[in-house]
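Below, all heavy atoms of this structure are taken into account, side chains as well, without hydrogens, waters or symmetry copies. Numbers here are sequence positions counted from 1.
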Amino acid sequence: MPRGFSENQMYLLQEKLISAAFDALSSSGVRKTPVGDLAKSAGISTGAFYKFFPSKEALFFAVYERTEESLKKEFVTRLDTSPEVSKNVIRDVLKQLLLSEKMQSFLRLMQKEERMYLIRGVDPAVVEAHLQK
């Protein structure tokens with residue numbers, strides 16, 4: 001009987017899957033990224049993928065949530081480190097963020113076709129909880 005993953009292994013593999021999904025956004029997007037490719041990137045089988053996420057869409061939704069949170073934190077941090085917060089500073093910080101690779105990947109996820117494809121495979125309760133945040 002195969003042994004399961006330790007708690008630490010589960011965490012590390014989940015992080016690898018999230019990283020692989022983020023990378024896949026640039027090259028192929030949600031629709032065109034097979035679960036097998038994501039699993040291979042993490043060094044696990046396709047079947048083992050489902051121990052971590054109930055669907056490919058759920059994985060990409062996790063990427064979406066992390067990216068959104070990261071961008072919010074980055075925006076606030078940049079504003080907090082500015083000696084003076086003015087319209088120009090806010091404009092410059094937003095411009096830097098909008099041009100970042102992280103934001104570009106995030107915006108790809110937000111395209112209507114990708115967003116609708118993504119949402120259809122995510123538990124509605126998870127989407128609702130996200131919207132409440």
Trainee: Distance-only, no hydrogens or angles: does the E74 side chain make a donor-acceptor pair with backbone N or O of L71 under 3.5 Å?
Mentor: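 A pair under 3.5 Å: no.
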Trainee: State the NZ-OG1 distance between K56 and T33, to the nearest 0.5 angstrom.
Mentor: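 The distance works out to 6.0 Å.
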Trainee: Quick one: does any side-chain atom of S41 pair with a main-chain N or O of D37 as donor and acceptor, under 3.5 Å?
Mentor: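 Yes.
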Trainee: If the test is side-chain contact (heavy atoms from CB on, under 4.5 Å), which one of D123, V122, V30 qualifies with F61?
Mentor: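 When side-chain contact (heavy atoms from CB on, under 4.5 Å) is applied between F61 and each of D123, V122, V30, only V122 qualifies.
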Trainee: Please report the closest heavy-atom contact between V63 and I18, naming both atoms and the distance.
Mentor: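 Here V63 and I18 meet closest at CG2-O, 3.6 Å.
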Trainee: Does the side chain of E68 pick up a donor-acceptor pair with the side chain of Y64 at under 3.5 Å?
Mentor: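 The answer is yes; a qualifying pair exists.
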Trainee: Indicate yes or no: at least one non-hydrogen side-chain atom of L17 is less than 4.5 angstrom from one of I44.
Mentor: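 The answer is yes, as the side chains (C-beta and beyond) meet within the 4.5 Å cut-off.
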Trainee: State, with a plain yes or no, whether a side-chain heavy atom of S55 is found less than 4.5 Å away from one of L59.
Mentor: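 No, side chains not in contact.
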Trainee: Looking at Q9 and S6, what are the two nearest heavy atoms and their distance?
Mentor: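 It is OE1-N, 2.7 Å.
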Trainee: Can you measure from CD (E69) to NZ (K72) and round to the nearest 0.5 angstrom?
Mentor: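 If I round to the nearest 0.5 Å, the distance is 5.5 Å.
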Trainee: Membership question, hydrophobic clusters at under 4.5 Å side-chain separation (ILVMFWY): are L13 and M10 in the same one?
Mentor: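 M10 and L13: one cluster.
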Trainee: Main chain of E15, side chain of S19: is a donor-acceptor contact present, judged purely on distance under 3.5 Å?
Mentor: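 No.
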Trainee: State the CG-CG distance between D23 and L38, to the nearest 0.5 angstrom.
Mentor: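 One gets 10.0 Å once the value is rounded to the nearest 0.5 Å.
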Trainee: Are E57 and R31 ion-paired here, with the side-chain N under 4.0 Å from a carboxylate O?
Mentor: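 Result for this pair is no, no salt bridge flagged.
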Trainee: Rounded to the nearest 0.5 Å, what separation is found between the CZ atom of F75 and the CD atom of Q96?
Mentor: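 It is 11.0 Å, given to the nearest 0.5 Å.
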Trainee: Give every residue pair that meets the ring pair (Phe, Tyr, Trp, His ring centres under 6.0 Å) criterion with at least one member in residues 20-57, sequence neighbours excluded.
Mentor: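 Ring pair (Phe, Tyr, Trp, His ring centres under 6.0 Å) check on residues 20-57 returns F5-F52.
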